[in-house]
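Below is one structure; the comments refer to it alone.
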Protein chains: 2
Amino acid sequence: MDELLREVRGRLAVTDQRMTRGRRALLEVFLRAGRPLGVREIVAAADGTVPQSSLYRNLAVLCDAGVLRRLNFDEGFVRYELDHEMTEHHHHLVCSRCNAVVDLDERTLGTVEAALAKAEAAIRRSRGFTVEEHQLDLRGVCRSCA
Amino acid sequence: MDELLREVRGRLAVTDQRMTRGRRALLEVFLRAGRPLGVREIVAAADGTVPQSSLYRNLAVLCDAGVLRRLNFDEGFVRYELDHEMTEHHHHLVCSRCNAVVDLDERTLGTVEAALAKAEAAIRRSRGFTVEEHQLDLRGVCRSCA
DNA sequence: ATATATGCAAAACTTTTGCATACAA
DNA sequence: TTGTATGCAAAAGTTTTGCATATAT
């Protein structure tokens, strides 16, 4: 936790932003949750002690700083998850029934990532479009809902 | 256009829904546009003659009928595009600067799709999760914005 | 004839913004 | 001390809903 705080403080400093109570609280919520959270869940986890305006502002700040990552599963709201160094690039498996979100690791999607890298290179060559990021989400029915 | 209308009428009939003026108008807008549209664009294209309530209801109906496909590029609103038989499964290339959306065809992402199919099979075997659909979007900077 | 679709208005929900005050550096 | 963050309230934007009327089958 402490080294995470130092790391985040450093990233914030890059753009002259500060480590504050509200942001520390946010980090704790995400560390405890260990999964992508929507604003309502965050408010609930913080016992409603955080006003939404600061919440949204801090989510944006922490995303810009590369501390959080913004996720959109087309649920009508946006989710966020921790994106610090220990969290590698990965994709999600979303159950359409219970909305559970599971991370997929490199082992599972390694071949897909490799194919994507090649395709992205081809896209740059053929269309002059530089791909900077990709989002891949798999939806379906999980074991317990089936 | 006519055979499309018959096709859509058929799909609607499956769930006891009707082909109406409003839905026909929607189809025409999408046919003319040939690209994913947000609600605001649809309203504009229809000269503001369509109330939003019917619009949203019809978008939902046409999605359920498999006539439209719902897309979310995390722009704060949702887009829709035609999904009739002539429109095969594909993915999107979105420019982060000008928000232009380009379709990617099977030729470009064929290898990726193949790898994905294998990964989805593996996911079913290993976790009992049945993948029903996937969404893959590539974001970056297009040639004219670069 | 009858169930479904439409149109209008109002509401629900997520997210953004203005501004005075509190706080981190 | 100085600029940034916070908290409150209000606004903005998208999407949903209720209900009476019109329409497709």
Side-chain angles (χ1 to χ4, degrees), chain A residues 5-29 36-65 67-80 99, chain B residues 5-29 36-65 67-80 99:
Chain A
L5 282 182
R6 247 197 325 281
E7 168 69 19
V8 172
R9 182 183 293 265
R11 298 203 190 190
L12 288 172
V14 174
T15 46
D16 271 339
Q17 279 148 332
R18 301 162 180 177
M19 170 57 80
T20 64
R21 270 182 291 119
R23 289 166 194 178
R24 225 179 337 254
L26 256 181
L27 291 177
E28 277 163 23
V29 168
L37 298 175
V39 167
R40 306 198 124 199
E41 294 172 294
I42 300 172
V43 170
D47 274 327
T49 55
V50 187
Q52 290 197 342
S53 60
S54 307
L55 193 42
Y56 277 102
R57 281 189 275 233
N58 280 333
L59 288 170
V61 166
L62 292 175
C63 279
D64 287 349
V67 177
L68 295 180
R69 186 188 292 139
R70 181 186 169 96
L71 303 171
N72 194 324
F73 297 129
D74 195 21
E75 301 168 286
F77 58 91
V78 172
R79 289 178 184 273
Y80 299 84
N99 281 316
Chain B
L5 282 182
R6 244 196 330 278
E7 169 69 17
V8 173
R9 180 183 293 267
R11 296 203 191 190
L12 288 172
V14 173
T15 44
D16 273 337
Q17 280 148 331
R18 300 160 180 177
M19 171 55 79
T20 63
R21 270 181 293 118
R23 290 167 193 177
R24 226 180 335 256
L26 257 182
L27 292 176
E28 276 162 24
V29 168
L37 298 176
V39 166
R40 307 198 123 198
E41 293 172 296
I42 300 172
V43 168
D47 273 330
T49 54
V50 186
Q52 290 196 345
S53 59
S54 308
L55 192 44
Y56 278 101
R57 282 190 274 234
N58 281 333
L59 288 170
V61 167
L62 292 175
C63 279
D64 287 349
V67 176
L68 294 180
R69 187 186 294 138
R70 181 187 170 96
L71 303 170
N72 195 323
F73 297 128
D74 195 20
E75 300 169 288
F77 58 90
V78 173
R79 290 178 183 273
Y80 299 85
N99 281 315

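Everything quoted here is computed from the prediction, not taken from an experiment. What's counted below: heavy atoms across the whole structure, side chains too, no hydrogens, waters or symmetry copies.
- Whole-Å rounding puts the A:Ile42 CD1 to C:dT14 C1' distance at 13 Å.
- Nucleotide C:dT6 holds its C1' atom 15 Å from the CD atom of B:Gln52, rounded to whole Å.
- The residue B:Val78 sits close only to the backbone: its heavy atoms come under 4.0 Å of sugar-phosphate atoms, none of a base.
- Taking a cutoff of 4.0 Å between a charged side-chain nitrogen and a carboxylate oxygen, A:Glu28 and A:Arg24 do not qualify as a salt bridge.
- Among the heavy atoms of the strands lying under 4.0 Å from A:Val39 are primed sugar atoms or P, OP1, OP2 only; no base atom is included.
- Rounded to an integer number of Å, the gap from CZ of B:Arg79 to P of D:dT14 is 12 Å.
- Distances shorter than 4.0 Å separate some side-chain N or O of B:Thr20 from OP1 or OP2 on C:dT6.
- When the side-chain nitrogen and oxygen atoms of A:Tyr56 are compared with OP1 and OP2 of C:dT15, one or more of them lie within a distance under 4.0 Å.
- Regarding B:Leu5, its CG atom lies at a distance of 14 Å from the P atom of D:dA24, rounded to whole Å.
- In this entry the distance linking CE of B:Met19 with P of C:dA5 reads 12 Å, nearest Å.
- Taking 4.0 angstrom as the limit, B:Arg23 places a side-chain polar atom (N or O) nearer than this to OP1 or OP2 of C:dA5.
- Between B:Tyr80 and A:Pro51, the residue whose closest nucleotide on DNA chain D is further toward the 5' end is A:Pro51.
- Residue A:Arg24 contributes atom CZ, which lies 13 Å from atom C1' of D:dA5 at whole-angstrom precision.
- Contact check, A:Arg57 against C:dT16: no side-chain N or O comes under 4.0 Å of OP1 or OP2.
- When the nucleotides C:dT14, D:dT6, C:dA24 are ranked by their closest atom to the side chain of A:Arg18, C:dA24 comes out on top.
- In terms of position on DNA chain C, the residue among A:Gly76 and B:Gln17 whose nearest nucleotide sits closer to the 5' end is B:Gln17.
- Protein atom CZ of A:Arg9 is 17 Å distant from nucleotide atom P of D:dT4, rounded to whole Å.
- Formation of a donor-acceptor pair under 3.5 Å by the A:Arg40 side chain with backbone atoms of A:Phe77 is not found in this model.
- A donor-acceptor pair is defined here as one N or O able to donate and one able to accept, closer than 3.5 Å; no such pair exists between the side chain of B:Arg9 and the backbone of B:Met19.
- In the set D:dC8, C:dG7, D:dT6, the nucleotide with an atom closest to the side chain of B:Arg21 is C:dG7.
- For B:Asn58, the listed nucleotide lying nearest its side chain is C:dT6; candidates were D:dT14, C:dA5, C:dT6.
- For A:Val78 against A:Leu71, the heavy-atom pair with the smallest separation is CG1-O, 3.3 Å.
- Across the protein-nucleic acid pair, B:Leu62 atom CG and C:dA5 atom C1' stand 12 Å apart, rounded to whole Å.
- When the nucleotides C:dC13, D:dG13, C:dA9 are ranked by their closest atom to the side chain of A:Arg40, C:dC13 comes out on top.
- When all heavy atoms of A:Thr15 and A:Gln17 are compared, the pair lying nearest together is OG1-OE1, 2.6 Å.
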